[in-house]
Amino acid sequence: MTTIAFDTETRGLAWDDPEERAFLATWADESNEYVADLSKADEVETFVNALDSADVLVAHNAPFDVHQTRETVGYDPLSRAGALHDTNIMARVAMPAGQSRPSYKLKDLAQTFVSDDAKDAEDDIAEMAKSAGIKLKATGGYYDTWRAYPEVMEKYARLDARYTYELHKKFAAELDGNGAWELEQRVQPILIEAEKRGIALDQDVVTDLKTEYEKRRDQARATLTEFLPEEALGGPGSEEALADSLLGLGVPLHRKTQKTGKYQTSKFALQEFENDYPVVGALSDYRTADKFLSTYIEPMLGRDVVHTSFGQCEAWTGRMSSYRPNMQNIPSRGGARVRAMFVPREGHSFVVCDYDSIEVRLLAYYMGQAGYREMIAKGLDPHAWMAAQIHGGRMEDYVKGSDGESLRSQAKNTMFAITYGAGAPRVADMNQMTREEAKALIAKIKKSLPGYYRLNKRIREKVEAEGHVTTLFGRRQPVSPEKSYVGLNALIQGSAADVMKQGLVNVAEAVKPYGGVPLLVVHDEVVVEVPTENAQHVAQITEQAMTEAFELDPHLAVSGSIVDTNYADAK
DNA sequence: ATTTCCCGCCAC
DNA sequence: AAACGTGGCGGGAAAT
């Protein structure tokens with residue numbers, strides 16, 4: 001059983017950019033460390049042979065090193081039969097944390113578990129770079145530092161492989177037979193494949209969006225400058241200038257920020273003034289257009305494919321995250337068409353499936369309230385049901401499209417807020433009602449869901465006694481007892497994350513024979529790219545694979561759609 | 001001059 | 001009595 005830990009030293013973090021590729025590889029076995037200059041063919045060969053001979057390959061943040069290795073030397077560590085173990089994931093599974101998250105960086109873990117001077121390397125390297133006049137954090141900074149001080153850099157690079165090896169040894173023993181670790185191991189290659197394949201962009205759409213949103217921004221800006229001076233719209237001093245200008249226009253700002261006590265100018269703080277002050281609407285339009293441009297549109301310009309990275313265990317609840325770029329917060333609400341820039345490749349379609357109200361279903365499961373569970377199992381609308389409980393009448397009077405739809409939304413939003421731990425003041429704020437009305441609303445929800453409050457009490461007591469909740473898949477999820485009110489959300493969100501990970505594993509396996517590849521995971525949604533001729537069938541088996549992730553009562557439900565056009569057209 | 005903090009806002 | 005959860009990111013301000 002050969003275990004090899006490896007690491008790459010790279011010019012940057014964008015592994016898909018030829019400018020930011022790896023220049024050095026290091027690896028360690030039980031007794032030795034090795035280093036390869038990746039510009040030398042014989043050293044590359046030694047490196048590749050070492051990787052290829054391992055039964056267990058280990059890396060810290062393995063996806064990054066896998067991508068760098070593949071792109072730099074043309075050898076894909078995932079192509080081997082052996083296992084890939086990521087000490088970052090292992091540490092997070094072995095030592096899950098609550099909201100106060102410790103560092104899971106290699107050096108910090110090594111400092112704690114391997115060597116007291118593990119962190120010194122960072123300071124030394126920074127010092128070396130400085131004395132050589134190199135900007136370490138800039139692209140190529142590490143490469144330049146290596147060129148200037150090859151022996152020192154290589155020594156530290158070897159140590160990283162050693163630390164990774166030793167951490168693996170520690171965690172592998174602890175995690176033997178751990179179900180959560182087994183699931184994470186199955187998830188990782190799927191995410192790596194999704195990152196590697198990436199999502200195709202239609203540049204015609206990107207440039208059209210750019211034009212459209214520049215126009216929107218400029219129009220809003222023109223309107224705004226009738227009310228506000230230029231210096232309130234960006235640049236140094238603009239934050240204070242904006243608040244001052246709004247006050248000068250008579251807008252009675254009163255909400256202050258928590259940390260620094262400045263006047264809030266957020267959408268929420270301004271919404272109460274939008275009917276009386278036209279500046280508020282114009283400001284909102286301007287900020288939306290500006291944000292869409294800088295965050296979602298301009299970063300996509302000139303790319304054929306976008307390769308996100310997934311934080312497999314990034315959220316403390318077990319949820320995944322997505323970064324560089326974040327593909328989990330691309331605008332979709334309110335008719336935004338930004339998702340239209342993401343398109344299936346030629347001859348392919350997207351199959352987009354998401355769990356229906358998974359958090360409500362989990363809540364129903366944990367409440368154990370028979371009537372509520374059956375109502376959901378029958379496919380009825382829990383939010384319309386709740387609205388009817390609150391306001392009387394039949395639930396049909398509150399479904400989407402009816403006169404009572406806004407009361408349904410109120411019930412839904414309040415229900416979510418309460419699950420997240422909101423109290424009467426926050427519920428009053430969000431619903432534009434008095435605190436007394438909010439109390440009455442919460443009381444009515446409480447009355448119609450006795451199981452909810454029993455559950456909440458039970459969870460809080462468990463958190464206060466044991467410091468954790470236990471998710472649907474038996475995963476221990478720490479929650480700080482001082483904030484036991486988040487326990488319910490941790491349970492529901494954490495269990496939904498478990499389901500999604502199992503669902504993803506099921507999906508990847510099921511769609512593979514039909515050429516389907518998961519490209520994205522967005523908490524309760526999976527996007528699969530598939531040859532168009534197989535799309536109908538793959539949609540059906542994807543739904544089934546997700547539904548079968550767990551036998552819940554009420555059962556899980558999945559709805560899917562097939563699009564040949566773009567991501568915006570899904571659903 | 002560089003890094004970190006803060007605010008605001010997109011998603012689920 | 002009180003406390004709405006999980007993320008990432010862009011731009012400006014504050015800290016170093």
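Per chain, numbering begins at 1; letters A, B, ... match sequence-line order. Hydrogens, waters and symmetry mates are skipped; everything else that's a heavy atom, side chains included, is used.
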*asked:* Base, sugar-phosphate or nothing for A:F268? Non-hydrogen atoms, less than 4.0 Å.
replied: nothing

_Under 6.0 Å from the ring centre and within 45 degrees of the ring axis: does the NZ or CZ of A:R475 meet both conditions for the six-membered ring of A:F473?_
no

*So what does A:R333 touch, heavy atoms closer than 4.0 Å: a base, only the sugar-phosphate, or nothing?*
base

*So, A:Y296 side chain and A:N329 main chain: donor-acceptor pair closer than 3.5 Å or not?*
yes

_Using the P atom as the point on both nucleotides, what is the distance between B:dC7 and C:dC4, in whole Å?_
15 Å

*Quickly work out the A:K412 NZ to C:dC4 C1' distance and round it to whole Å.*
16 Å

*asked:* Classify A:G311 by what it touches in the nucleic acid, base, sugar-phosphate, or nothing, heavy-atom distance under 4.0 Å.
replied: nothing

_Whether A:Q477 side chain and A:A490 backbone form a donor-acceptor pair below 3.5 Å_ = no

*Base, sugar-phosphate alone, or nothing: which one does A:S322 contact when heavy atoms must sit under 4.0 Å apart?*
sugar-phosphate

*Give a yes/no answer on whether the side chain of A:R287 brings an N or O atom under 4.0 Å of OP1 or OP2 in B:dC7.*
no

*Base B:dC10 to side chain A:K291, donor-acceptor N/O within 3.5 Å cut-off*: no

*asked:* Distance check needed: C:dC4 C1' versus A:N431 CG, whole Å only.
replied: 12 Å

*In whole angstrom, what separates A:K483's NZ from C:dA2's P?*
17 Å

_Proximity to the side chain of A:D524 - top-ranked nucleotide from B:dC12, C:dG10, B:dC10_ = B:dC12

_Please pick, from C:dG11, C:dG5, C:dT6, the nucleotide with the shortest atom-to-atom distance to any side-chain atom of A:E239._
C:dG11

*Could you please name the option among C:dC4, C:dG8, B:dC10 that lies closest to any side-chain atom of A:Y485?*
C:dC4

*Which part of the nucleic acid, if any, lies within reach of A:Q493 when heavy atoms closer than 4.0 Å are counted: base, sugar-phosphate only, or nothing?*
base

*Are the side chain of A:R361 and the backbone of A:H555 linked by a donor-acceptor contact shorter than 3.5 Å?*
yes

*Without swapping roles, check the side chain of A:E20 against the backbone of A:T139 for a donor-acceptor pair under 3.5 Å.*
no

*Centre of A:F350's six-membered ring, under 6.0 Å away, within 45 degrees of the axis: is that where NZ or CZ of A:R339 sits?*
no

_Listed nucleotide nearest any side-chain atom of A:S238, set C:dG12, B:dG8, B:dC10_ = C:dG12

*Which is true for A:P236 with a 4.0 Å heavy-atom rule: it touches a base, it touches only sugar-phosphate, or it touches nothing?*
sugar-phosphate

_Please tell me if A:K259 has a side-chain N or O lying less than 4.0 Å from either OP1 or OP2 of C:dA14._
no

*How is A:R435 classified with respect to the nucleic acid when contacts are heavy atoms under 4.0 Å: base, sugar-phosphate, or nothing?*
nothing

*Please determine if a side-chain N or O atom of A:K135 lies less than 4.0 Å away from the OP1 or OP2 oxygen of B:dT2.*
yes

*Looking for any heavy atom pair under 4.0 Å, which part of the strands does A:E359 touch: base, sugar-phosphate only, or nothing?*
nothing

*Has A:T295 got a side-chain N or O lying under 4.0 Å from the OP1 or OP2 atom of B:dC10?*
no

_Measure CD/A:E525 against P/C:dT6 and give the value in whole Å, please._
22 Å

_So A:Q99, base contact, sugar-phosphate only, or nothing? Heavy-atom distance under 4.0 Å._
sugar-phosphate

*asked:* Looking at B:dC7, I'd like to know if its phosphate oxygens (OP1 or OP2) sit under 4.0 Å from a side-chain N or O belonging to A:T265.
replied: no

*Atom CD of A:E298 and atom C1' of B:dC10: how far apart are they, to the nearest Å?*
16 Å

*Interatomic distance where NE2 belongs to A:H523 and P belongs to C:dG8 [whole Å]*: 9 Å

*Protein-nucleotide distance (A:N456, atom CG; C:dG5, atom P), rounded to Å*: 14 Å

*Using a heavy-atom cut-off of under 4.0 Å over every strand shown, decide if A:R460 touches base, sugar-phosphate, or nothing.*
base

*Sub-3.5 Å donor-acceptor pair from the side chain of A:H307 to the main-chain atoms of A:E195, do we have one?*
yes

*Can you check whether A:S321 has a side-chain N or O nearer than 4.0 Å to OP1 or OP2 of C:dG8?*
yes

*What is the distance, rounded to the nearest whole Å, between atom CD1 of A:I418 and atom P of C:dA2?*
16 Å

